[in-house]
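First up is the structure itself, then whatever we jot down about it.
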Amino acid sequence: MKSLSLLLLSFLLLPLTSHGINPGPEEPTPGDPGTPGLCADDNLQPGQHQRSLTIDGQRRQYILHVPRSYTGDREVPLLLDFHALHTSSGYQLDNSGTQQVANQQNIIVAYPQGIDNAWNLGPCCTESRTVNDVGFAREIVEQVSAEACVDRKRVYATGYSNGGGMAYILACRAADMFAAVAPAAFDMISEVQCNPSRPISVFAHRGRLDVIVPYRGGPSTPPTGYDLDPITFLGAEGSFERWSDLNSCGGSSSIGNNCVASGNCAGGVENVLCTARLGSHSPWDAQTSWDFLKQHSLP
């Protein structure tokens with residue numbers, strides 16, 4: 001399984017081209033979150049901007065995409081889009097489709113860069129288990145909110161493969177900051193504890209023929225260049241059932257297009273699983289994911 005996973009993932013290892021990224025402002029003084037200005041005074045320009053910050057002594061980077069329609073005179077949503085294992089923030093910017101949706105829907109999108117081109121989900125997938133990716137995500141939200149006119153009730157996370165796992169982790173550990181998440185091509189891991197601070201909406205997409213993250217779940221060895229202990233996936237339906245329990249939902253029903261939804265969830269949240277019956281290890285359509293996310297906001 002590990003050799004097959006590495007072979008499939010190698011198709012993702014494409015060279016990156018220049019993204020026309022603009023240098024960002026000086027990194028804020030550690031411990032000083034900055035003071036958000038009035039929206040009318042916002043001077044953030046449309047385009048891609050390179051940003052950095054420091055978490056637990058590690059310098060971290062992300063790309064900030066500001067849509068062409070952004071004027072800074074009203075609050076807009078913020079979406080964090082996490083790349084897959086072995087790829088990068090630049091690859092995600094170019095290939096996930098969220099950049100195009102952002103330009104159409106007036107959304108600011110941050111593309112974080114993972115240490116080891118991976119995300120720390122607890123038992124995997126960075127080489128070190130001490131990488132603080134949840135703190136990194138939180139600080140991105142704080143930094144962007146201090147610079148741009150962000151609607152803090154409409155902050156979301158999405159991601160593909162290992163990045164989808166990161167979206168799940170934020171649902172488990174940062175539901176106070178993120179209104180909803182949309183992971184693709186990943187499932188919940190049985191070795192990871194999940195205790196969200198409130199019910200949170202989840203939109204998951206899975207391919208039934210996925211051989212990297214098996215649809216039915218089970219043990220898997222992370223396809224990294226360093227040794228990690230095996231992890232156990234709950235499977236697509238098992239992950240859906242776990243979120244139904246975490247969100248205190250009552251029953252489930254088909255909602256068409258190969259999707260199933262939990263009903264009567266606490267706090268009015270939604271829990272949806274969409275399955276591509278002939279799909280493999282592939283992301284969901286960015287517009288469809290956004291159509292789900294935008295319906296939800298923090299209480």
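Below, all heavy atoms of this structure are taken into account, side chains as well, without hydrogens, waters or symmetry copies.
Looking only at distances, no side-chain donor or acceptor of Tyr215 sits under 3.5 Å from a matching main-chain atom of Arg277. Looking only at distances, a side-chain donor or acceptor of Asp285 sits under 3.5 Å from a matching main-chain atom of Gln287. Judged purely by atom type and a 3.5 angstrom limit, Thr126 uses its side chain to pair as donor or acceptor with the backbone of Ser128. Panel note: side chain Gln143, backbone Ser52; a donor-acceptor pair is recorded below 3.5 Å. Side-chain atoms of Asn120 come within 3.5 Å of backbone atoms of Val131 as a donor-acceptor pair (strictly under, hydrogens ignored). Side-chain atoms of Lys153 come within 3.5 Å of backbone atoms of Pro299 as a donor-acceptor pair (strictly under, hydrogens ignored). A donor-acceptor pair is defined here as one N or O able to donate and one able to accept, closer than 3.5 Å; such a pair exists between the side chain of His83 and the backbone of Gly114. Checked by atom type and distance alone, the side chain of Ser201 pairs as donor or acceptor with a backbone atom of Glu270 at under 3.5 Å. Side chain of Gln105 to main chain of Asn103: no donor-acceptor pair is present (N/O by atom type, distance under 3.5 Å, no hydrogens or angles). Distance alone, capped at 3.5 Å, is enough to place a donor-acceptor pair between the Asn271 side chain and the Phe240 backbone.
Distance check: Arg206 CZ to Thr275 OG1 gives 8.0 Å after rounding to the nearest 0.5 Å. Here CG of Asn257 is found 7.5 Å from OG1 of Thr288. Values are rounded to the nearest 0.5 Å. Taking OG of Ser89 as the start and CD1 of Ile63 as the end, the distance is 3.5 Å to the nearest 0.5 Å. Atom CG of Leu53 is separated from atom CD1 of Ile55 by 5.5 Å, given to the nearest 0.5 angstrom. Here CD1 of Ile108 is found 8.0 Å from SG of Cys149. Values are rounded to the nearest 0.5 Å. Taking CD from Gln104 and OG from Ser69, the interatomic distance works out to 10.0 Å, rounded to the nearest 0.5 Å.
Side-chain contact between Leu170 and Met177 is absent, with no heavy-atom pair separated by less than 4.5 Å. Within the 4.5 Å cutoff, side-chain heavy atoms of Cys194 are placed close to those of Leu246. Two residues are said to be in side-chain contact when any heavy atoms from C-beta on lie closer than 4.5 Å; Asp187 and Val213 meet this criterion. Side-chain contact between Gln48 and Gln99: present, with at least one pair of heavy atoms (C-beta onward) separated by less than 4.5 Å. At a threshold of 4.5 Å between non-hydrogen side-chain atoms, the residues His65 and His49 do not count as touching. Using a 4.5 Å cut-off on side-chain heavy atoms (C-beta onward), Pro283 and His205 make no contact. Under the 4.5 Å side-chain criterion, counting only non-hydrogen atoms from C-beta, Trp284 is not in contact with Tyr160. Taking 4.5 Å as the limit, some side-chain heavy atom of Leu44 sits within range of a side-chain heavy atom of Leu64.
Screening Leu78, Leu80, Val109 against Val144 for a side-chain contact (heavy atoms from CB on, under 4.5 Å) leaves a single residue, Leu78. Paired with Tyr111 under the rule side-chain contact (heavy atoms from CB on, under 4.5 Å), one option of Leu93, Ile140, Asp94 passes, and it is Leu93. With Tyr156 as reference, Trp290 is the one residue of Phe203, Trp290, Phe178 to meet the ring-ring contact (aromatic ring centres under 6.0 Å, His included) rule. Shown are Ser262, Ser252, Ser239; of these, the side-chain hydrogen bond (donor to acceptor under 3.5 Å, both in side chains) with Ser244 is made only by Ser262.
Between Arg138 and Arg173, the closest heavy-atom pair is NH2-O, 3.2 Å. Between Leu228 and Pro123, the shortest heavy-atom contact is CD2-O, 4.4 Å. Pairing each heavy atom of Ala102 with each of Pro67, the nearest pair is O-CB, 3.3 Å. Across all non-hydrogen atoms, the minimal contact from Pro199 to Ala266 is CB-O, 3.3 Å. Closest non-hydrogen pair, Leu85 versus Pro223, comes out as CD2-O, 3.7 Å. The heavy-atom pair separating Val181 from Ala167 by the smallest distance is CG1-O, 3.5 Å.
For the residue pair Thr98 / Asp81, a side-chain donor-acceptor distance below 3.5 Å is found, with atom types taken as modelled. In the model, Gln295 has no side-chain atom that pairs as donor or acceptor with a side-chain atom of Asp291 under 3.5 Å. A donor-acceptor pair shorter than 3.5 Å cannot be found between the side chains of Thr54 and Arg59. For Arg74 and Thr71, the side-chain atoms include no donor-acceptor pair closer than 3.5 Å.
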Checklist entry - Stepwise, does the side-chain contact (heavy atoms from CB on, under 4.5 Å) test hold for His296 with Arg154? => result CA-CA 7 Å; His296 303 280; Arg154 302 183 66 202; over 6 Å; no
Checklist entry - Run the side-chain contact (heavy atoms from CB on, under 4.5 Å) check on Met188 and Tyr168 step by step: do they pass? => result CA-CA 7 Å; Met188 297 287 282; Tyr168 271 134; 3.5 Å; yes
Checklist entry - How far apart are the C-alpha atoms of Phe186 and Phe233, what are their side-chain angles, what is the distance that settles it, and do they pass the ring pair (Phe, Tyr, Trp, His ring centres under 6.0 Å) test? => result CA-CA 9 Å; Phe186 212 79; Phe233 287 116; 5.1 Å; yes
Item to check | side-chain hydrogen bond (donor to acceptor under 3.5 Å, both in side chains) between Thr232 and Glu191, intermediate numbers included | outcome: CA-CA 7 Å; Thr232 308; Glu191 292 86 358; 2.9 Å; yes
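Using a cut-off of 4.0 Å between Lys/Arg side-chain N and Asp/Glu carboxylate O, Asp133 and Arg60 are scored as salt-bridged. Salt-bridge formation is detected for the pair Glu142/Arg152: a Lys NZ or Arg NE/NH1/NH2 atom is positioned less than 4.0 Å from an Asp or Glu carboxylate oxygen. The pair Arg216-Asp210 fails the salt-bridge criterion, with no side-chain N (NZ, NE, NH1 or NH2) lying under 4.0 Å from an Asp/Glu carboxylate O.
In the hydrophobic clustering of ILVMFWY residues, with side-chain heavy atoms under 4.5 Å counting as a link, Val150 and Val141 come out together. Grouping the Ile, Leu, Val, Met, Phe, Trp and Tyr side chains by contacts below 4.5 angstrom, directly or via other members, places Val134 with Leu121. The hydrophobic clustering, which links ILVMFWY residues whose side-chain heavy atoms are closer than 4.5 Å, places Ile115 and Phe82 apart. With hydrophobic clusters built from ILVMFWY side chains whose heavy atoms lie under 4.5 angstrom apart, Ile212 shares a cluster with Met166. In the hydrophobic cluster analysis, where Ile, Leu, Val, Met, Phe, Trp and Tyr join through side-chain heavy atoms closer than 4.5 angstrom, Ile169 is grouped apart from Trp243.
Shown here is Arg198, whose CZ atom has more than 12 heavy atoms of other residues, nucleotides or ligands within 6.0 Å.
Using the six-membered ring where Trp is involved, Phe136 and Trp119 have ring planes that are parallel, under 30° apart on the 30 and 60° scheme.
Under the rule for a disulfide (SG to SG under 2.5 Å), Cys125 has no partner lying at least two apart in sequence or in another chain.
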